Amino acid sequence: METRKKVVEVKDLRINFKTYAGLVQAVRGVNFELYEGETLAIVGESGSGKSVTSNALMKLIPQPPGIYASGEILFDGKDLVKLTEKQMTKIRGNDIAMIFQDPMTSLNPTMKVGRQITEVILQHRSMPKAEAKQKAIQLIDQVGIPFPEKRYNQYPHEFSGGMRQRIVIAIALAADPKLLIADEPTTALDVTIQAQILELMKEIQKTSKTSIIFITHDLGVVANVADRVAVMYAGQIVEYGTVNDIFYNPKHPYTWGLLGSMPDLDNDAEELLHTIPGSPPDLTHPPKGDAFAARNEFAMAIDYEQEPPMFQVSDTHFAKTWLLHPDAPDVAIPEIVAKRIRTFAEKEAQYND
Amino acid sequence: MTKEKILEIKNLKQHFGSPSSPIKAVDGISFDVYKGETLGLVGESGCGKSTTGRSIIRLYDITDGEIIFKGQNVHGKKSKEEVKAFNREMQMIFQDPYASLNPRMTAGEIIAEGFTIHGLYKNKKERQMKIYELLEAVGLNREHANRYAHEFSGGQRQRIGIARALSLDPSFIIADEPISALDVSIQAQVVNLLKQLQKERGLTYLFIAHDLSMVKYISDRIAVMYRGKILEIGRADDIYHHPVHPYTKSLLSAIPLPDPLSEKRRTRIPYEHTEVPDSATYYEVDEEHFVYGTESLVTEWAKARTK
């Protein structure tokens, strides 16, 4: 796997917002990398900084009130943080494209969908209009919408939610981006439609080798699409690894909490779900030490004093918790999570037989 | 073991728009809810599940059919007193904890509004004690009574919504997507709270949601709705492990699970709707497990199901 091309590398990214209440430290030192054709899922609750991180990659953070306090975003070796707005316009939509959560609001209601697609094509490529139209129709077809010629001339309100999200994907793909950022692209959709959109995105990725950053809070969706996963909490990545690392060998108590709080179909209705008590910290005054300490039943004295470093679990797996320190006591992973992992392993064994 | 019916829905229809071309949001559904159970109502957006909930609690005037709650017709002609008595028995928890609380009232006032309307706890001290008791029952504390809605997080607001629903000691609660707007870890807190309150107070829930794994977890029985009709109803385990109707199968096959290995080989079963003739009705395929369709279709589906 040494030949894999690194598409994005984010180093120590910090983003603050100036507000009347004080300086909000929304992203507090995030590092990750993404290779060609790979999907990285960023998971976290609202306010964890996952959307700010992805918007930062597109330089969509309004300044002011936003401040790029430190860090680099290397895209194809170029640091995006240093680029001017004019240089950035060339990259946005062309090299990096974005799909937003709500397909109802991300399309222009007064413009035919066909034109919304050709607009992007013509912005980034010089070609005759007729050719752009052909390409747009081909894209509509590619995202699985029947009758593309007819659909080309329709307005967004004539499409259902799932179909609109397909159009949004077609627009995002119009300029053959190297990186696609999908910010909760299926949250507003029904499960059956969600499954179709996820299938579509995976299929497109297979043919075009696009790298995808997938932002979501749904762990089921993560298991479905991701190659690697970054779990975010209070503006930091707290656990980072391959999808199997995170789901079958989670190390951070916050990840345990997330996995435990989601019921699966075999959950015993008699037992309560494992919850994470309390709510996330206020990022105007991030707590001293480990930001998760106050909600962590396994918190130790040091968690309130000093921020844990990223401990390496394996070649691919990292977690930011003092529990991984050699001197820390052995803490067993909560029974409800452990049990689920065992059931999955059993099912897997059954399947392989 | 005979179960007591608390709510009976008979051929409920709720049509909107002009009578000549009505939108049939709910198109002839029948089901019972037993005392102390949780019935989950699932389906895609627009299938009529919220409309069903709202019709049951008299937020809409129904087009046709009967809703019988504790032996009384809900939609019959009622005096003001009778309506009030009904409202005390049945309450609702709404989806959006931001929109469902009045921003100009404190949590205490929101919870106590029902007391004023129903003339309960007129003694100020007694009323205060009742508010505190409710706040504590939903996991908040006394100090929260004097705060306004914007001072609470989403999960806390939903707890206030629950406290309000509990304030008049209802026996039946309709929860319309009560956790959809909340974060995962907060969802679990609220679901645990609902379960615990049910145990303590013997509540009956109609739990409306589109998140199938959460519905499976909280419900004793589940009804699957599609285009204004209930296609399949039965015990939660039966619906999930032995679905009969092709739509239920399709819906279940689309749920993403937190298990990457099984996700990698998931095959979604697409659903193609087949119109059934008007003669279609409910057939019992197993104990307490009913499927909507014609006799020949249901037999065919039941044969094809995965055991």
Side-chain angles (χ1 to χ4, degrees), chain A residues 43-48 160-161 186 188-196 198-199 217-226 229 242-244 246-248 254 257-270 272-280 295 340-341 343-345 347-348 351, chain B residues 38 42-47 139 152-156 180-193 195-196 199 210-220 226 236-237 239-241 247 250-271:
Chain A
V43 205
E45 298 178 72
S46 35
S48 62
S160 66
T186 58
L189 306 173
D190 282 318
V191 271
T192 44
I193 313 293
Q194 164 172 291
Q196 292 170 18
L198 296 181
E199 275 167 29
H217 63 261
D218 187 333
L219 290 167
V221 172
V222 173
N224 185 289
V225 297
V229 183
T242 65
V243 68
N244 290 354
I246 300 291
F247 282 88
Y248 302 129
Y254 179 64
L258 280 184
L259 289 169
S261 60
M262 190 184 167
D264 61 23
L265 299 180
D266 298 314
N267 256 72
D268 185 354
E270 287 305 307
L272 288 181
L273 292 174
H274 177 85
T275 61
I276 307 172
S279 46
R295 302 176 74 188
R340 181 174 308 171
I341 294 171
T343 337
F344 286 151
K347 268 195 202 158
E348 191 58 25
Y351 178 81
Chain B
T38 301
V42 294
E44 294 173 55
S45 41
C47 72
F152 293 98
S153 67
Q156 288 175 321
S180 313
L182 306 174
D183 269 317
V184 198
S185 71
I186 312 294
Q187 284 190 355
Q189 291 177 7
V190 172
V191 165
N192 281 351
L193 172 68
K195 280 205 140 182
Q196 178 207 332
K199 231 183 214 170
H210 66 267
D211 178 342
L212 293 128
S213 29
M214 209 47 112
V215 172
K216 156 77 171 59
Y217 173 66
I218 197 168
S219 307
D220 300 303
Y226 181 73
D237 279 327
I239 295 283
Y240 274 78
H241 297 299
Y247 178 71
S250 164
L251 199 61
L252 290 172
S253 76
I255 311 174
L257 294 174
D259 178 12
L261 290 171
S262 75
E263 279 301 313
K264 292 283 175 297
R265 52 167 187 269
R266 156 205 300 290
T267 43
R268 181 172 55 84
I269 307 167
Y271 176 65

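Below, all heavy atoms of this structure are taken into account, side chains as well, without hydrogens, waters or symmetry copies. So that the names make sense, note that chain A is the first sequence line, chain B the second, and so on, each numbered from 1. This is a predicted model, so every value here is computed, not measured.
- Interatomic distance, Asp218(A) CG to Asp211(B) CG, rounded to the nearest 0.5 Å: 7.5 Å.
- The OG atom of Ser213(B) sits 10.5 Å away from atom CG of Leu219(A), with the distance rounded to the nearest 0.5 Å.
- Using a distance-only test at 3.5 Å, with no hydrogens or angles considered, a donor-acceptor pair links the side chain of Tyr217(B) to the main chain of Leu273(A).
- The residue among Thr192(A), Val222(A), Leu258(A), Asn244(A) with the most heavy atom pairs within less than 4.5 Å of chain B is Thr192(A).
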Take Glu45(A) and Ile186(B) through the side-chain contact (heavy atoms from CB on, under 4.5 Å) test and state the conclusion after the steps.
CA-CA 9 Å; Glu45(A) 298 178 72; Ile186(B) 312 294; 4.2 Å; yes

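- The candidate with the highest count of non-hydrogen atom pairs below 4.5 Å against chain A, out of Leu252(B), Leu212(B), Asn192(B), is Asn192(B).
- Distance CG/Leu257(B) to CZ/Phe344(A): 6.0 Å, rounded to 0.5 Å.
- When all heavy atoms are compared, the tightest approach of Val191(A) to Ala254(B) is O-CB, 3.7 Å.
- The two residues Met262(A) and Pro258(B) make their nearest non-hydrogen contact at CE-CD, 4.0 Å.
- Across all their heavy atoms, Ala223(A) and Lys264(B) have their closest contact at O-NZ, 3.4 Å.
- Note: Gln189(B) CD to Ile276(A) CD1 = 8.0 Å, rounded to the nearest 0.5 Å.
- Listed for the Glu348(A) side chain is no donor-acceptor partner under 3.5 Å among the backbone atoms of Ser262(B).
- Contact of Gln194(A) with chain B is made through the side chain alone, with heavy-atom distances under 4.5 Å.
- Your options are Ala188(B), Pro256(B), Pro260(B), and the one with the most heavy-atom pairs under 4.5 Å with chain A is Pro260(B).
- Contacts between Val221(A) and chain B at a heavy-atom distance below 4.5 Å involve backbone atoms as well as side-chain atoms.
- Going from atom CG of Asn224(A) over to atom CG of Asp259(B) covers 11.0 Å, rounded to the nearest 0.5 Å.
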